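Labels below follow one simple rule: chain letters A, B, ... track the order of the sequence lines, proteins then strands, and each chain is numbered from 1. All values reported here derive from a predicted model rather than from experimental measurement.
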Protein chains: 2
Amino acid sequence: MTTTKAANPNTEACPIRDVLDRLGDRWTVLVLHELEETTLRFGELKKRIDDISPRMLAQTLRRLEEDGLVSRRTFPTIPPHVEYTLTGLGHSLLVPVKGMMRWAADNQHAVRAARHAYVPLRPEAAK
Amino acid sequence: MTTTKAANPNTEACPIRDVLDRLGDRWTVLVLHELEETTLRFGELKKRIDDISPRMLAQTLRRLEEDGLVSRRTFPTIPPHVEYTLTGLGHSLLVPVKGMMRWAADNQHAVRAARHAYVPLRPEAAK
DNA sequence: CAGTATCCCAAAAGATACTG
DNA sequence: CAGTATCTTTTGGGATACTG
């Protein structure tokens, strides 16, 4: 971490939080991941992530575009043709994101084991 | 909430999401970060992350403990004394998490610039 | 085809008073 | 001190009908 420890990285003072917040939602990482290899159209994304609603897909893409992670290219045809592509920035984000996924993959068993072994501290009396 | 449906290969076969979901909330990464260097008590964490409510801090710590990322040690004194420490697993998670933070720090300007330059497609559309 | 508009619900998070 | 209980607000997200 590069933030100073003494300072409290609260909501608006911390640009890092501000950026990372976008990754917290349910769909962003999934969309990023789908676009890693190839450019895709709205409908193609919708097919690959088929439990996403059009509303959420649109919103997710809009935010990604707004943050400069995805570029949107439209062809003035009828019917419309719109392509979404990861930008360089988007690809660069994918690097640490994949690091996270790697960790999750590597440690899922440890986490599951911990969860299973966990006993709530409700009836706890002494140690 | 975990994946409610699993129609998609990416979500379905993916316990990764289940693990990663915990990081999506507002406070987990912050707490992890505060505990990197040192063991801290509840009140000390509260002080350092002072816009967190006791409720959210407790909930966050409980989840971290449940996942085996943080260990909780109580001293049977009056008043109570409780210490939170990162486990080995917690430290290992911090590695990719810091990768993410590093990315955010390195690219915050690019993201902000993109946001600022972004013009909505439909000028009248509100969020 | 690529989205919007609208309505609705569930979950997350905030505030705060209270207690062992 | 270290939390819980409770209530309220805010946000995320699902469904779906509609349109340029």
**Study point:** Between C1' of D:dT16 and NZ of A:Lys46, the distance in whole Å
**Key:** 12 Å
Check your understanding: Do B:Leu32 and B:Trp27 have side-chain heavy atoms sitting under 4.5 Å apart?
Key -> no
Point to revise | Atom-pair distance (CG on A:Leu40; P on C:dA2), nearest Å | key: 11 Å
Revision key, fill the gap. Separation of C:dA11 atom P from A:Arg26 atom CZ, nearest Å, is 12 Å
Revision key, fill the gap. When rounded to whole Å, the CD1 to P distance for the pair A:Ile49 and D:dG14 reads 12 Å
Study note, to complete from the structure: Regarding the side chain of A:Arg63, the nearest nucleotide among D:dG12, C:dT4, D:dA2 is D:dG12
Review point. Ignoring hydrogens and geometry, is there a side-chain-to-backbone donor-acceptor pair from A:Lys46 to A:Ile52 under 3.5 Å?
Key: yes
Review point. How about B:Arg112 and B:His116: do any of their side-chain heavy atoms sit closer than 4.5 Å?
Key: no
Exercise for review: Compare the minimum distances between each of D:dT4, C:dG14, D:dG13 and the side chain of A:Met56, then state the nucleotide with the smallest one.
Suggested key: D:dG13
Study note, to complete from the structure: Contact string for nucleotides 15-20 of chain C, one letter per nucleotide 5' to 3', B = base within protein heavy-atom range under 4.0 Å, S = sugar-phosphate only, - = neither, reads BB---B
Check your understanding: In terms of the nearest nucleotide of DNA chain D, which residue is placed more toward the 5' end: B:Gly43 or A:Gln59?
Key -> B:Gly43
Check your understanding: What heavy-atom pair brings B:Tyr118 and A:Arg62 nearest, and what distance separates the two atoms?
Key -> OH-CD, 3.3 Å
Check your understanding: Once you round it to whole Å, what is the distance between C1' of D:dG3 and NZ of B:Lys47?
Key -> 18 Å
Exercise for review: Using the test ring-ring contact (aromatic ring centres under 6.0 Å, His included), find all partners of B:Phe75 that sit at least two apart in sequence or belong to another chain.
Suggested key: B:His81
Review point. Do B:Val70 and B:Tyr84 have side-chain heavy atoms sitting under 4.5 Å apart?
Key: yes
Point to revise | Within residues 67-76 of chain A, residues whose heavy atoms come under 4.0 Å of DNA chain C | key: A:Arg72
Revision key, fill the gap. Regarding the side chain of B:Asp25, the nearest nucleotide among C:dA13, D:dG14, C:dA2 is C:dA13
Practice item. Compare side-chain N and O positions of B:Arg41 against OP1 and OP2 of D:dG3 and report whether any pair is under 4.0 Å apart. Key: no
Check your understanding: Among all residues two or more places apart in sequence or in another chain, which pass the side-chain contact (heavy atoms from CB on, under 4.5 Å) test with B:Ala113?
Key -> none
Exercise for review: Could you tell me the separation between the CG atom of B:Asp21 and the C1' atom of C:dA10, rounded to a whole number of Å?
Suggested key: 15 Å
Review point. To the nearest 10 degrees, what angle separates the axes at the start and end of the helix from C:dC1-D:dG20 to C:dG20-D:dC1, five pairs each?
Key: 50°
Check your understanding: Is a donor on one side and an acceptor on the other found under 3.5 Å between the side chain of B:Arg17 and the backbone of A:Arg26?
Key -> yes
Revision key, fill the gap. B:Leu61 atom CG is separated from D:dA2 atom C1', nearest whole Å, by 11 Å
Point to revise | Expected output: side-chain B:Asp25 to main-chain B:Thr28 donor-acceptor under 3.5 Å | key: yes
Practice item. Could you tell me whether A:Glu44 and A:Arg41 make a salt bridge, using a distance below 4.0 angstrom between a side-chain N and a carboxylate O? Key: no
Return a table of donor-acceptor pairs under 3.5 angstrom between the side chains of residues 85-100 of chain A and protein atoms on other chains or two or more places apart.
unit_1, atom_1, unit_2, atom_2, d
A:Thr85, OG1, A:Thr39, OG1, 2.9
A:Thr87, OG1, A:Gly68, O, 2.6
A:Thr87, OG1, A:Leu69, O, 3.1
A:Thr87, OG1, A:Leu89, N, 3.3
A:Thr87, OG1, A:Gly90, N, 3.0
A:His91, ND1, A:Thr87, O, 3.2
A:His91, NE2, A:Glu36, O, 3.3
A:Ser92, OG, A:Leu89, O, 2.7
A:Ser92, OG, B:Trp103, NE1, 2.8
A:Lys98, NZ, A:Glu36, OE2, 2.7

Review point. Would you call A:Asp106-A:Arg102 a salt bridge at under 4.0 Å N-O?
Key: yes
Exercise for review: Could you tell me whether the phosphate oxygens of D:dG3, OP1 or OP2, come under 4.0 Å of any side-chain nitrogen or oxygen in B:Tyr84?
Suggested key: yes
Check your understanding: CD of B:Glu44 versus P of D:dG3: gap in Å, rounded?
Key -> 12 Å
